[in-house]
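Shown next, in structure tokens, is the structure this report addresses.
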Amino acid sequence: MRQHKLALCATHYPEWIVNQAQRFIKKYTMFNHHERILVAVSGGKDSLSLWDILWQLGYQADGVYIDLGIDGGLEYSASSLQFCEQFASQRNLRLKVFSVPKTYGIGIPEIAAKTNRGRQKPCSVCGLSKRHIMNQIALEGGYNALVTGHNLDDEVATLFGNTLNWNVSFLERQSPVLPARQTGLVRKAKPLCRFYERETAAYALVRGIQYINEECPFAAGSTSIFYKNLLNQLEQEKPGAKLNFYLSFLQAKAKGMHSTAIGQESNGEDEAIGMAGETLYTCPNCGQPTTVVGLCSFCRMMEKISR
Ligand code: AMP
Ligand code: FES
Ligand code: ZN
């Protein structure tokens, strides 16, 4: 690990990762051993490594998998589910499965095709639906925190995009942990946010975790992949640049550099929901908070396509 000027063997590496993860969980006050955690697992290396780490640390962590109904010629959703099920059964862990096609009759690509949002790619519909469903399941299950496997590369690509567009409300919301400020919004945490993607991949390899290798068939050509490639070039030249970008951002935020977002107009997307000082309303259909009066973005979308 050039960025840390550190090299570890296959015995000490996973121990180091687990200890570091525990350090970050504590540092950012993500959750504690008395709380119930819901891990959103996609079947990929990050979220399954995260579940494995939390399991080793003795947290009460159940998993949730959302079947998005994506096939892409490789049965993407079905085989992702298999990896999650196999992981859970090997460790005797509880996995909840929510199926979009079984619940709504169609999968995310078909939902997207019926909306303006999904004219080009279903990714925005997919993101909106995942956020909504994950929050709903965590609330209904009475979980204290919902955790995702976002790694440093994911966080830095998001940060880069939000900085290029100077999207202050999203910058204010980007954090290792988002407290549940409002009823109806569960606390969210990203315990892997300071690990490079290479580090989580190495962890999965050393721990013998089997995961889906393929990316989502709609991911190719995405802006976030383009940003990740750019940032990797930067990292190549300047080891530690990605970590430094992220940590400097967190420090700037701690000093209040993004607090001007308060009072900014909402974009009505519910994505930057829960900013301090923001007025939130309750969706009359699902009961989740929303930035506009009436249905939340997800329920509005589902209502449109059922017409
Ligand atoms: P992505 O948005 O695909 O980069 O995934 C980021 C994180 O969201 C993953 O690390 C998981 O924690 C979670 N996630 C992604 N897809 C799913 C899914 N189908 N079901 C449950 N959690 C997911
Ligand atoms: Fe959602 Fe690819 S469109 S995972
Ligand atoms: Zn709703």
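Counting starts at 1 for both ligands and their atoms, following the listed order. Positions are given from 1, in the same order as the sequence printed here.
Those atoms of ligand 1 that come under 4.0 Å of a heavy atom in Thr148, given as number and element, are 12 (O). Each of the following atoms of ligand 1 lies closer than 4.0 Å to a heavy atom of Val64: 21 (C). Listed by number with element, the atoms of ligand 1 under 4.0 angstrom from any heavy atom of Ser47 are 10 (O), 11 (C), 12 (O). For ligand 1, the atoms sitting less than 4.0 Å from at least one non-hydrogen atom of His150 are 6 (C), 7 (C), 10 (O), numbered in the order shown with element in parentheses. Atoms of ligand 2 lying under 4.0 Å from any heavy atom of Cys123, numbered from 1 in the order shown and given with element: 3 (S). Atoms of ligand 1 found under 4.0 Å from any heavy atom of Met134 (numbered from 1 in listed order, with element): 13 (C), 14 (N), 22 (N), 23 (C). Here is the list of ligand 1 atoms found below 4.0 Å of a heavy atom in Val41: 18 (C), 20 (N), 21 (C), 22 (N). Applying the 4.0 Å criterion to heavy atoms of Lys130 picks out, from ligand 1, the atoms 2 (O), 3 (O), 15 (C), 16 (N), 17 (C). Which parts of ligand 1 touch Gly149 is read off a 4.0 Å heavy-atom cut-off, strictly below it: atoms 9 (C), 10 (O), 11 (C), 12 (O). Every atom of ligand 2 with a heavy atom of Cys216 under 4.0 Å away is listed here by number and element: 2 (Fe), 3 (S), 4 (S).
Side-chain atoms of Asn135 come within 3.5 Å of backbone N or O of Gly184 as a donor-acceptor pair. A donor-acceptor pair under 3.5 Å is formed between the side chain of Tyr13 and the backbone N or O of Glu199. Counting only distance, with no hydrogens or angles, the side chain of Gln60 and the backbone of His33 share a donor-acceptor pair below 3.5 Å. Looking only at distances, no side-chain donor or acceptor of Gln174 sits under 3.5 Å from a matching main-chain atom of Leu171.
Among protein heavy atoms, atom 17 (C) of ligand 1 sits closest to Ser42 CB, 3.5 Å. Scanning all protein heavy atoms for the shortest distance to atom 20 (N) of ligand 1 gives Ile66 N, 2.9 Å. Ranking the protein heavy atoms by distance from atom 12 (O) of ligand 1 puts Ala40 O, 2.5 Å first.
The aromatic rings of Phe245 and Phe160 sit perpendicular to each other, their planes meeting at more than 60°, with 30° as the lower class boundary. Classified by interplanar angle (parallel below 30°, tilted 30° to 60°, perpendicular above 60°), the ring pair Phe87/Trp51 is parallel.
With no hydrogens or angles considered, no side-chain donor-acceptor pair links Tyr59 and Asn32 at under 3.5 Å. Of the N and O atoms on the side chains of Tyr211 and Asp46, not one donor lies less than 3.5 Å from an acceptor on the other residue.
In this structure, Lys242 pairs ionically with Asp153, as a charged nitrogen and a carboxylate oxygen lie closer than 4.0 Å. A salt bridge is defined here as a Lys NZ or Arg NE, NH1 or NH2 lying under 4.0 Å from an Asp or Glu carboxylate O, and Glu155 with Lys190 meets this definition. Using a 4.0 Å cut-off between charged side-chain N and carboxylate O, Arg187 and Glu35 make a salt bridge. Using a cut-off of 4.0 Å between Lys/Arg side-chain N and Asp/Glu carboxylate O, Asp67 and Lys102 are scored as not salt-bridged.
Within 4.0 Å of atom 5 (O) of ligand 1, not a single protein heavy atom is present. In this structure, atom 22 (N) of ligand 1 has a protein heavy-atom contact shorter than 4.0 Å.
With the Zn ion (ligand 3) as vertex, Cys299 SG and Cys283 SG subtend 110°, rounded to 10°.
Residue contacts with ligand 1 for Val39 are absent, since no atom lies close enough (heavy atoms, distance under 4.0 Å). Only the side chain of Leu68 comes within 4.0 Å of ligand 1, counting heavy atoms alone; its backbone N, CA, C and O stay farther away.
Distances from the Zn ion (ligand 3) show that Cys296 has an N/O/S atom below 2.8 Å.
Residue Cys126 holds the heavy atom nearest to atom 3 (S) of ligand 2 of all those in Pro217, Ala220, Cys126, Ser222.
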